[in-house]
Amino acid sequence: PGSLAGRTAPPLQPERCPLPELTMDQRLFFPATERNRGPIGDLLKQLLPGSGAVLELASGSGEHAVCFQKRFPNLHWQASDPNPDHRASIDAWIRHEGLNDVMSPALNLDVEKRPWPLPQMIRSALKAVVCINLLHISPTSCTDAVLEESALLLPSGAPLIIYGPFMRHGAHTSASNAAFDQSLRERNDAWGLRDVNAITTIAANVGIKIDDVIPMPANNLTLVLRRP
């Protein structure tokens, strides 16, 4: 125990909310979300605009989405996920938090299926794209799609914000990240931590650039990319 310093591969069966008697509740609980939503939210406060729409990719359980919608009430937080169980959880969280009047239902959005199916209301108001803990549990083609499609959709100066564990200059930033990367690749050989240098190169090819790389707790980073 402790070899991954608290890191574990994504759960095959995420923990479900304890159900009250005789009720149906589709909310999922992802333990990492509770741990990281505070630091991520504090950073988003510095990066997000005062109004407009934010598209969150691969929203998972929906816990981040409702937390950030409540924290940034002047924004329209649009959650999305290709997994129907995740979308059901997101919508259940929206109902549970009483946000039906301000949040749209989760979009069925697979980042590799392009163009992304954004409602016109979201597309026209889009001011940021947020991607939390996706790139290391997906193939490199997913990283390409996130960067390429965001470059097409975001207006000049608007941020693409990517959070997760990364490599730098071809090396892991900690022993725990190296062990985590190995565990991911053993589970799926298309998965694994991406290198910031590789993302910089892909971004440059699609007309966006890394504006900042911000250290986060538990050996994570947040990459902020913008189109000039």
Side-chain angles (χ1 to χ4, degrees), residues 4-7 9-10 32-33 35-50 52 54-60 64-65 67-68 71-72 75 77 111 126-185 190-228:
L4 301 186
R7 285 201 183 282
T33 305
R35 291 194 299 269
N36 63 32
R37 64 188 176 192
I40 294 173
D42 291 345
L43 181 59
L44 291 177
K45 185 177 180 180
Q46 303 173 42
L47 297 173
L48 293 176
V54 177
L55 172 64
E56 182 187 7
L57 303 173
S59 301
H64 278 140
C67 174
F68 297 149
R71 185 160 181 179
F72 309 111
L75 293 171
W77 197 276
V111 297
L126 190 65
K127 296 294 175 59
V129 174
V130 173
C131 178
I132 298 171
N133 281 334
L134 170 63
L135 301 191
H136 58 286
I137 54 169
S138 60
T140 54
S141 54
C142 178
T143 299
D144 295 343
V146 168
L147 296 171
E148 291 168 6
E149 196 73 5
S150 296
L152 290 173
L153 290 168
L154 286 170
S156 177
L160 164 61
I161 302 164
I162 306 176
Y163 167 93
F166 293 93
M167 299 173 67
R168 301 202 75 172
H169 311 294
H172 288 291
T173 60
S174 69
S176 62
N177 274 11
F180 183 51
D181 184 47
Q182 182 179 347
S183 73
L184 290 172
R185 294 179 190 277
W191 291 3
L193 275 61
R194 308 301 169 209
D195 196 299
V196 174
N197 286 7
I199 292 174
T200 301
T201 300
I202 299 166
N205 290 337
V206 299
I208 57 177
K209 64 177 184 177
I210 291 187
D211 189 50
D212 207 354
V213 178
I214 302 158
M216 301 292 287
N219 300 309
N220 290 296
L221 298 173
T222 294
L223 313 184
V224 183
L225 301 97
R226 301 180 193 272
R227 185 165 64 80

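In this chain, numbering begins with 1 at the start of the sequence shown.
- The pair Asp42-Arg71 meets the salt-bridge criterion, since a charged nitrogen lies less than 4.0 angstrom from a carboxylate oxygen.
- Relative orientation of the His64 and Phe68 rings is parallel, given thresholds of 30° and 60° on the angle between their planes.
- Side-chain atoms of Met216 and Leu221, non-hydrogen and from C-beta on, never get closer than 4.5 Å to each other.
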Using the rule given for ring-ring contact (aromatic ring centres under 6.0 Å, His included), can you reason through Phe180 versus His136, listing the C-alpha separation, both sets of side-chain angles and the distance that settles it, and then say yes or no? CA-CA 10 Å; Phe180 183 51; His136 58 286; 5.7 Å; yes

Carefully, step by step, assess Asn220 and Tyr163 under the rule side-chain hydrogen bond (donor to acceptor under 3.5 Å, both in side chains). CA-CA 7 Å; Asn220 290 296; Tyr163 167 93; 3.0 Å; yes

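- Shortest non-hydrogen contact noted between Asn219 and Ser176 is ND2-OG, 3.1 Å.
- A donor-acceptor pair under 3.5 Å is formed between the side chain of Asn36 and the backbone N or O of Ala32.
- Considering only heavy atoms from C-beta on, Ser59 stays 4.5 Å or farther from Ile132 through its side chain.
- Among all heavy-atom pairs drawn from Arg226 and Asp211, the shortest one is NE-OD2, 3.1 Å.
- Put simply, the side chain of Ser156 gets close to the backbone of Pro228: a donor and an acceptor are under 3.5 Å apart.
- Formation of a donor-acceptor pair under 3.5 Å by the Arg185 side chain with backbone atoms of Ala190 is not found in this model.
- Trp77 is not listed as a side-chain neighbour of Leu55, based on a closest heavy-atom distance of 4.5 Å or more.
- Side-chain contact between Phe166 and Leu193 is absent, with no heavy atoms from C-beta onward closer than 4.5 Å.
- Contact record, Pro159 with Lys127: CD-O, 3.3 Å, taken as the closest heavy-atom pair.
- Closest approach of Leu154 to Arg227, counting heavy atoms only: O-NH2, 3.0 Å.
- Counting heavy atoms from C-beta outward, Phe72 and Val54 have side chains that stay 4.5 Å or more apart.
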For Leu152 and Val206: C-alpha separation, side-chain torsions, deciding distance, then whether side-chain contact (heavy atoms from CB on, under 4.5 Å) applies. CA-CA 9 Å; Leu152 290 173; Val206 299; over 6 Å; no

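- Contact of the Val129 side chain with the Leu153 side chain is not registered, since no non-hydrogen atoms from C-beta on lie closer than 4.5 Å.
- The two residues Leu126 and Ala128 come nearest to each other via the heavy atoms CD1-O, 3.4 Å.
- The closest side-chain heavy-atom distance from Thr173 to Met167 is not below 4.5 Å.
- Using a 4.5 Å heavy-atom threshold, the side chains of Ile40 and Thr222 count as separate.
- With Arg37 contributing its side chain and Cys67 its backbone, the two residues share no donor-acceptor pair below 3.5 Å.
- Taking SG from Cys142 and CG from Leu134, the interatomic distance works out to 4.0 Å, rounded to the nearest 0.5 Å.
- Across all non-hydrogen atoms, the minimal contact from Asp195 to Asn197 is OD1-N, 2.8 Å.
- Ile162 pairs in a side chain to side chain contact (heavy atoms under 4.5 Å, CB included) with only one of the listed residues (Leu147, Leu57, Asn133, Val196), which is Leu147.
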Just do the side-chain contact (heavy atoms from CB on, under 4.5 Å) check on Leu223 and Ile161 with the steps written out, would you? CA-CA 6 Å; Leu223 313 184; Ile161 302 164; over 6 Å; no

